[in-house]
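To start, the structure itself, in C-alpha cells.
Within every chain, numbering begins at 1; the chains are lettered A, B, ... in the order of the sequence lines, protein sequences first and strands thereafter. Hydrogens, waters and symmetry mates play no part in the numbers below; they use all other heavy atoms, side chains included.
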Amino acid sequence: MNIIFFGSSKFAAPSLRALSASKHRVSCVVTQPDRHKGRGLHFSGTAIKTLAQASGIRVFQPERVNSKEALDFFKGTACDLFVVISYGQILSQKVLDIPKLFSINVHASLLPKYRGAAPISWAVINGETRTGATVIKMTAKMDEGPVISREQIGIEPEDTVITLEEKLSELAARLLTSAVSSIEKNKYSLIPQDENSASYAPKLKKENGRIDWRKNAVEIQNLVRGCAGWPGAFTFYKNKLLKIYRARAIQMPDSKRPEKPGEISGISKAGVLVRAQEGGLLIEELQMEGKRRMEARDFIAGHKIPVGERLG
RNA sequence: CGCGGGGUGGAGCAGUCUGGUAGCUCGUCAGGCUCAUAACCUGAAGGUCAUGAGUUCAAAUCUCAUCCCCGCAA
C-alpha cells in the first residue's frame, strides 16, 4: 500500500514509526507549516516533520491543505490511502477523494463519544475510567465516519492526560497498522456510528483550567489530571496565579464549614490541603506566577501560609 | 528580534539605585528537651551571587554580550 501520512503532533509519532517500519510504504508526510512556538522567537517544525526527515520521507507543509496548490500536489502523487492522525487541519471532501481507495483517521476516543480536538483531556476531566482509540473511514464531517476498528483501554487513577496520551498513541499505532493491512486484503467492515450517543470534546481554552472550589474534590483532581501540560489547572493565591500540577482528592471527615470552599485547612509535609465542596484537595506540586514549579513541601518551606486563607 | 518579570546555599527572599566581611526566614543534619505539634532549645553543614568579558585598589552591586526560567500572548 502506498500511503500519504497526515500528522503533526507527538500523538502521531508512534503511528508514523509503525507504518514506515511495516511493509507499507509511506511516500509522503504532510504536516503543519513551521510556526513560531512558545515565548521568544523559536521557530520550529512539528515533531512529525523531524521524524519524517530522519527517516528520509518527503515532507509537505501546505498552509491550507484544501488549497488548489495542495490539491494539485496530491493529485500528482498516485497514492492508495490517506492516513490522518492528529494533523490539525480539516480535509475537504475533494482532498479525501484523491487516494485510490479512501482516507482513514485514528481518533483518541471510543467514537461516537468525545468527537473533536481534545478527546483525551475531556475524558480525564470527566472522570471516565475507560477510553480508547477508533479507526474510521473519513467523511467531510469531522469524526463522524463509519468505524473500521476500535479498542478500549482503562484510565488509571494515576493517569494524567500526558500519560494517557502516550498509551493511546501506542494503541493508535497498533490499530492503525492492522487496519491498513485489513484494508489492503479487502477484509474489513464499515460500521456506522450511533449518532444518538455522540458527544463532543472541544479544544481546551485557558479558562477551562480554572478551578472552581465549589466542586467536589474528586472533580477538581480530575481537572488537574486532565489539564496537565496545557492549559494547566490554576487558581489564585493572594491575587497571584497559582498553577497546580499534581494533587490528590482526600476524604475530609465532615467539613464543618462547607460554605467556605477554597479555604486552606491544613499544611503538612504531604502538601497544602484545601477544602472543596466535598472532601479536600491535597496539593502536591504547584507553581506560583513568575516562579518555577516545585513540590508543595518546598513551597511551604519558603512561605508562611496561614490556615484559613482562601484560594480562588 | 511580540510584551513583561526574574536567576544570591535545598525552598522563599533581602542586599544592586549609592561598589567595601555573603545576610534573613524556613528546610536539612547532629544533640538536647518534650502531650506548645507545619513543636521547642542548642549547635553544625551547605553559596563558582546564571555564564563570559570589561571598568576599578576593590564587583552580587557599574558596563557589554550570552545562556536559562516564568507570566501574558499563541
Side-chain angles (χ1 to χ4, degrees), chain A residues 7-12 31-50 61-65 86-90 116-118 120-122 160-162 165 201-211 217 223-224 226-248 250-253 255-257 260 262-276 279-312:
Chain A
S8 294
S9 80
K10 228 175 77 182
F11 184 76
T31 191
Q32 293 274 44
D34 293 358
R35 301 210 194 280
H36 291 282
K37 279 209 289 202
R39 57 180 77 76
L41 42 114
H42 307 299
F43 194 72
S44 62
T46 65
I48 294 304
K49 180 183 184 179
T50 313
Q61 299 176 277
E63 194 63 46
R64 291 187 305 123
V65 73
S86 186
Y87 169 55
Q89 294 191 44
I90 296 174
I120 307 173
S121 302
W122 284 105
T160 67
V161 65
I162 296 168
E165 182 175 337
K203 200 169 175 175
L204 284 177
K205 296 189 186 114
K206 182 107 187 147
E207 189 57 26
N208 290 121
R210 182 169 192 153
I211 292 172
L223 184 73
V224 172
C227 291
W230 200 90
F234 63 92
T235 185
F236 293 88
Y237 174 64
K238 293 184 190 291
N239 289 323
K240 284 191 175 173
L241 187 73
L242 174 68
K243 283 195 177 183
I244 297 177
Y245 287 99
R246 202 174 70 243
R248 222 172 45 224
I250 63 171
Q251 303 264 346
M252 284 188 48
S255 30
K256 292 215 167 111
R257 292 185 286 178
K260 284 194 174 180
E263 186 185 56
I264 295 172
S265 72
I267 310 287
S268 71
K269 294 207 173 187
V272 180
L273 181 61
V274 183
R275 190 184 301 282
L281 191 76
L282 183 67
I283 302 173
E284 297 174 318
E285 189 178 6
L286 52 78
Q287 178 175 37
M288 281 296 288
E289 176 178 329
K291 298 300 176 188
R292 281 202 316 282
R293 68 189 276 181
M294 67 181 74
E295 296 293 318
R297 54 170 305 164
D298 291 332
F299 179 73
I300 292 164
H303 295 267
K304 289 195 196 308
I305 305 167
V307 170
E309 183 93 13
R310 286 182 76 175
L311 298 182

Distance check, rounded to the nearest 0.5 Å: [X] atom [atom1] versus [Y] atom [atom2]?
{"X": "A:Arg248", "Y": "A:Leu281", "atom1": "CZ", "atom2": "CG", "result": "10.0 Å"}
{"X": "A:Arg64", "Y": "A:Ile90", "atom1": "CZ", "atom2": "CD1", "result": "13.5 Å"}
{"X": "A:Thr160", "Y": "A:Arg246", "atom1": "OG1", "atom2": "CZ", "result": "11.0 Å"}
{"X": "A:Tyr237", "Y": "A:Met288", "atom1": "OH", "atom2": "CE", "result": "7.5 Å"}
{"X": "A:Leu242", "Y": "A:Phe236", "atom1": "CG", "atom2": "CZ", "result": "9.5 Å"}
{"X": "A:Ile267", "Y": "A:His303", "atom1": "CD1", "atom2": "NE2", "result": "11.5 Å"}

Q) Hey, does A:Glu295 reach any base, or is it just sugar-phosphate, or nothing, if we go heavy atoms under 4.0 Å? A)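 A:Glu295: no heavy atom of the nucleic acid under 4.0 Å.
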Q. When all nucleic acid strands are considered with a 4.0 Å heavy-atom cut-off, which category describes A:Lys205: base, sugar-phosphate, or nothing?
A.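 Result for A:Lys205 = nothing.
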Using the [atom1] atom on both, measure [N] against [M] and round to a whole Å.
{"N": "B:G20", "M": "B:A65", "atom1": "P", "result": "25 Å"}
{"N": "B:A11", "M": "B:G43", "atom1": "P", "result": "25 Å"}
{"N": "B:G23", "M": "B:G15", "atom1": "P", "result": "16 Å"}
{"N": "B:A50", "M": "B:A14", "atom1": "P", "result": "14 Å"}
{"N": "B:A39", "M": "B:C3", "atom1": "P", "result": "47 Å"}
{"N": "B:C35", "M": "B:C40", "atom1": "P", "result": "16 Å"}
{"N": "B:C49", "M": "B:A60", "atom1": "C1'", "result": "5 Å"}
{"N": "B:C13", "M": "B:A45", "atom1": "P", "result": "26 Å"}

Is the phosphate of [N] approached by [X] (side-chain N or O, under 4.0 Å from OP1 or OP2)?
{"X": "A:Lys206", "N": "B:C72", "value": "yes"}
{"X": "A:Arg292", "N": "B:A11", "value": "yes"}
{"X": "A:Lys243", "N": "B:C70", "value": "no"}

In whole Å, what is the span from the [atom1] atom of [X] to the [atom2] atom of [N]?
{"X": "A:Phe236", "N": "B:G71", "atom1": "CZ", "atom2": "C1'", "answer": "11 Å"}
{"X": "A:Leu242", "N": "B:G71", "atom1": "CG", "atom2": "P", "answer": "12 Å"}
{"X": "A:His303", "N": "B:A14", "atom1": "NE2", "atom2": "P", "answer": "12 Å"}
{"X": "A:Glu285", "N": "B:A11", "atom1": "CD", "atom2": "P", "answer": "14 Å"}
{"X": "A:Lys240", "N": "B:G12", "atom1": "NZ", "atom2": "P", "answer": "12 Å"}
{"X": "A:Lys269", "N": "B:U37", "atom1": "NZ", "atom2": "C1'", "answer": "12 Å"}
{"X": "A:Leu241", "N": "B:A73", "atom1": "CG", "atom2": "P", "answer": "10 Å"}
{"X": "A:Met294", "N": "B:C69", "atom1": "CE", "atom2": "C1'", "answer": "12 Å"}

Q.
Within the 4.5 Å heavy-atom criterion, are A:Met252 and A:Arg275 side-chain neighbours or not?
A.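 Yes - at least one pair of side-chain heavy atoms lies under 4.5 Å apart.
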Checking base pairs now: Watson-Crick or wobble, both atom distances under 3.5 Å. What partners [N]?
{"N": "B:G12", "value": "B:C24"}
{"N": "B:G71", "value": "B:C3"}
{"N": "B:U42", "value": "B:A30"}
{"N": "B:C35", "value": "none"}
{"N": "B:U61", "value": "none"}

Proximal nucleotide (of [options]) relative to the [X] side chain:
{"X": "A:Trp230", "options": "B:A74, B:G12, B:A38", "value": "B:A74"}
{"X": "A:Lys304", "options": "B:U25, B:C72, B:C70", "value": "B:U25"}
{"X": "A:Ala301", "options": "B:U25, B:G10, B:C69", "value": "B:G10"}

Q.
On RNA chain B, compare the nucleotides closest to A:Glu289 and A:Ser268; which residue's is nearer the 5' end?
A.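 It is A:Ser268 whose nearest nucleotide is closer to the 5' end.
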Q | Earlier contact from the 5' end, RNA chain B, for A:Phe299 and A:Gln287 | A |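 The residue whose closest nucleotide sits nearer the 5' end is A:Phe299.
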